[in-house]
Amino acid sequence: MLDIKIVRENPERIKEMVKLKKVNANFEIEDLLKIDVERRNLTNKIGIMQSERNDFNKKIFEIKKSGEDLSKTMLKMKNLSDKISSFKSELSELEIKQKNILLSIPNLPHESVPIGLSDKENLEIRKVGNVRKFDFKIKSHWEIGKNLDILDFERGSKVSGSRFCFYKNLGAKLERAIINFFLDTHTENGYSEIFPPFIVNKDSMFGTGQLPKFEEDMFKLENLNYFLIPTAEVPVTNLHRNEILSSNKLPLKYCAYSACFRAEAGSAGKDTRGLIRMHQFNKVELVKLCKPENSYEELELLTQDAEKVLKLLALPYRVVSLCTGDLSFCSAKTYDIEVWMPSYSKYVEISSCSNFESYQARRMSIKYKNNLKEKAQLVHTLNGSGVAVGRTVAAILENYQKPNGTFEIPEILKKYM
RNA sequence: GGAGAAGUACUCAAGUGGUUGAAGAGGUUCCCCUGCUAAGGGAAUAGGUCAGGAAACUGUCGCGAGGGUUCGAAUCCCUCCUUCUCCGCCA
């Protein structure tokens with residue numbers, strides 16, 4: 001959520017920036033500004049009237065003590081109270097309207113974000129590792145997985161549905177080894193390990209921005225206000241919702257394994273094969289809360305921390321800076337890390353590292369103070385996959401494959417298996 | 001799931017309709033006293049909205065959340081949430 005003051009001060013800039021983000025902008029900045037003015041006038045009026053009411057209240061108490069006639073004063077007080085309550089209900093309508101509009105405005109891209117409409121205009125920042133040249137006909141990870149009986153998509157469909165999969169035997173062990181390897185690497189890097197709930201309430205989904213706009217992408221538990229988490233970002237960032245942190249604790253760095261659940265509405269037919277787009281997948285997530293002045297530095301560090309596991313696995317990857325049109329709703333700046341996927345002959349997203357600035361923190365009211373007397377300020381929140389586990393399995397199977405249809409286990413994982 | 005009790009600020013806690021626009025204590029910070037330490041004395045101490053202001057500040061809101069009753073609610077009523085105790089169920 002954007003600060004209304006920023007909208008008020010520079011509405012034209014907001015309009016331009018939102019356009020760059022390629023979001024269906026079905027809100028009107030002019031309406032918002034009008035509501036804002038009305039809201040402020042009304043708040044002011046109510047404040048004055050309430051102050052009057054407080055004076056009356058004192059007077060009534062004194063008159064009552066002296067035993068004089070109250071009826072006149074009471075009548076005045078009642079009139080005042082009636083007015084206040086009607087103004088108040090008007091005000092709460094305005095507040096709701098204003099909030100709804102603000103919730104539907106995406107975050108503004110940072111000035112360093114390349115301008116563009118689609119992923120074609122993303123900016124490659126660096127390429128790491130060498131793409132292996134195969135001197136035999138390569139197989140896709142789903143072929144390798146099926147042949148070795150370590151991935152079972154058919155039975156996944158039978159038992160659950162399309163986009164579900166069983167990992168079997170060494171496949172299951174590999175998945176588990178990767179999770180442990182990721183968590184160990186990140187905790188050694190100073191991240192505190194969290195094992196979060198996989199089900200969260202509505203407030204949490206609003207906090208990180210999945211609601212209200214993206215409800216159809218989520219799995220909702222029927223008749224309950226509960227959602228399956230699409231990423232550990234949701235429970236872990238919401239850990240500190242409605243809290244004021246002391247600044248000496250910042251930056252807070254968390255890593256968390258979770259299963260992730262995504263409805264993948266509207267993505268039928270897209271990347272359907274293999275482990276790339278599942279309804280349920282495993283991921284280790286990195287989350288940071290920090291002071292505003294450090295957040296872009298922290299984003300660089302977070303991205304490097306995510307890259308580290310790919311380096312250790314010796315998987316070739318590249319880092320791209322998403323252009324304005326490819327940036328997600330809440331993000332001010334995002335680096336995608338893309339791993340080389342031989343069967344696709346291209347780099348495939350395996351991590352997304354974003355700085356949300358104060359956009360999520362304002363929704364969640366996460367603040368910090370340098371000392372007791374200072375006014376609390378919003379933190380900046382960041383997160384990034386560190387990294388997606390299923391896609392790592394896919395990348396390992398393909399990049400480490402051998403002519404006989406098997407594959408190597410990366411050196412670093414051997415002690416985990 | 002059933003029954004009961006409770007939720008007040010950093011912590012503990014008083015408070016059953018107006019003098020609480022939240023007592024008191026502890027903690028913390030600052031100051032005084034003191035040769036130093038202890039003891040003692042004093043002051044400050046939640047967050048949020050909006051308006052005015054350069055700022056200090058002033059006003060308003062605020063007692064788990066949201067509604068209601070009332071001229072007036074921390075206090076009375078309703079719904080929900082959380083915690084604790086007992087019962088039931090259970091990995």
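Treat the numbers as computed from the prediction; the structure is a model and nothing was measured. The basis for the numbers below is simple: all heavy atoms, side chains too, and nothing from hydrogens, waters or symmetry mates. Proteins get letters first, then strands, A, B, ... in listed order; numbering begins at 1 in each.
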(message) In whole Å, measure the gap between the C1' atoms of B/C33 and B/G41 for me.
(response) 8 Å
(message) Can you measure A/N44 atom CG to B/G53 atom P for me and round it to whole angstrom units?
(response) 12 Å
(request) Would you mind reading off the distance between A/I244 atom CD1 and B/C10 atom P, rounded to a whole angstrom? (result) 8 Å
(request) Could you please name the option among B/G59, B/U49, B/C71 that lies closest to any side-chain atom of A/K78? (result) B/C71
(request) Between B/C84 and B/U69, how far apart are the C1' atoms? Round to whole Å, please. (result) 31 Å
(request) Using whole Å, report how far CG of A/L245 lies from P of B/A46. (result) 18 Å
(message) Nearest 0.5 Å, please: how far is CD in A/E9 from CD1 in A/I4?
(response) 10.5 Å
(message) Can you tell me if A/K367 touches the phosphate of B/G48, counting only side-chain N or O atoms and a distance under 4.0 Å to OP1 or OP2?
(response) yes
(message) Assess whether a salt bridge exists between A/E12 and A/K15, defined as any Lys/Arg side-chain N lying under 4.0 Å from an Asp/Glu carboxylate O.
(response) yes
(request) Treating a pair as Watson-Crick (purine N1 to pyrimidine N3 plus N6-O4 or O6-N4) or G-U wobble (N1-O2 and O6-N3) with both distances under 3.5 Å, list the stems of 3 or more consecutive pairs that involve RNA chain B. (result) B:1-7 with B:81-87, B:10-12 with B:24-26, B:27-32 with B:40-45, B:64-68 with B:76-80
(request) Give the rounded distance in Å between these two atoms: CG of A/D55 and P of B/G59. (result) 11 Å
(message) Does B/U49 have its OP1 or OP2 closer than 4.0 Å to a side-chain nitrogen or oxygen of A/R40?
(response) no
(request) Calculate the interatomic distance between A/K88 atom NZ and B/G72 atom P; express it in whole Å. (result) 10 Å
(message) Rounded at 0.5 Å granularity, tell me how far CD in A/E408 sits from CG in A/L413.
(response) 12.0 Å
(request) Calculate, to the nearest 0.5 Å, the distance between atoms NZ and NZ belonging to A/K88 and A/K45 respectively. (result) 15.5 Å
(request) For A/I46 and for A/A376, locate the closest nucleotide of RNA chain B by heavy-atom distance; then report the residue assigned to the nucleotide nearer the 5' terminus. (result) A/A376
(request) Identify which nucleotide among B/U19, B/G59, B/C71 has an atom closest to any side-chain atom of A/S81, counting heavy atoms from C-beta outward. (result) B/C71
(message) Taking the nucleotide of RNA chain B with the nearest heavy atom to each, does A/M77 or A/F61 sit closer to the 5' end?
(response) A/F61
(request) Could you work out the separation of B/A25 and B/G17 based on their P atoms and round it to a whole Å? (result) 25 Å
(message) Roughly how many Å apart are B/U28 and B/A46, using the C1' atom of each and rounding to a whole number?
(response) 14 Å
(message) So if I take every side-chain heavy atom of A/K5 and compare against B/C61, B/C71, B/C50, which nucleotide ends up nearest?
(response) B/C50
(request) Using atom CD1 of A/I48 as one end and atom P of B/G52 as the other, report the distance to the nearest whole Å. (result) 11 Å
(request) Considering only atom C1', compute the distance from B/G24 to B/A73 and round it to an integer number of Å. (result) 23 Å
(request) Grab the CD-P distance between A/Q50 and B/A73 for me, whole Å please. (result) 10 Å
(request) Taking only the side-chain heavy atoms of A/R39 (C-beta and beyond), determine which of B/U19, B/C50, B/G59 contains the nearest atom. (result) B/C50
(message) Test of understanding: with side-chain hydrogen bond (donor to acceptor under 3.5 Å, both in side chains), list the residues that count as partners of A/Q210, not counting sequence neighbours.
(response) A/T208
(request) For B/C80 versus B/C90, give the span between their C1' atoms, rounded off to a whole number of Å. (result) 26 Å
(message) Return the CZ to CG distance between A/R40 and A/L42, rounded to the nearest 0.5 Å.
(response) 12.5 Å
(request) For B/C76 versus B/A14, give the span between their P atoms, rounded off to a whole number of Å. (result) 15 Å
(request) Figure out the CG/C1' separation between A/N57 and B/A73, and round it to whole Å. (result) 10 Å
(message) With rounding to the nearest 0.5 angstrom, report the NZ to CZ distance, A/K158 to A/F166.
(response) 8.0 Å
(message) Taking B/G26 as the reference, what is the distance to B/G42 when you measure between their P atoms (whole Å, please)?
(response) 11 Å
(request) State the OG1-NE2 distance between A/T381 and A/H240, to the nearest 0.5 angstrom. (result) 12.0 Å
(request) Take A/N201 and A/S204 through the side chain to side chain donor-acceptor pair (under 3.5 Å) test and state the conclusion after the steps. (result) CA-CA 6 Å; A/N201 61 28; A/S204 297; 3.1 Å; yes
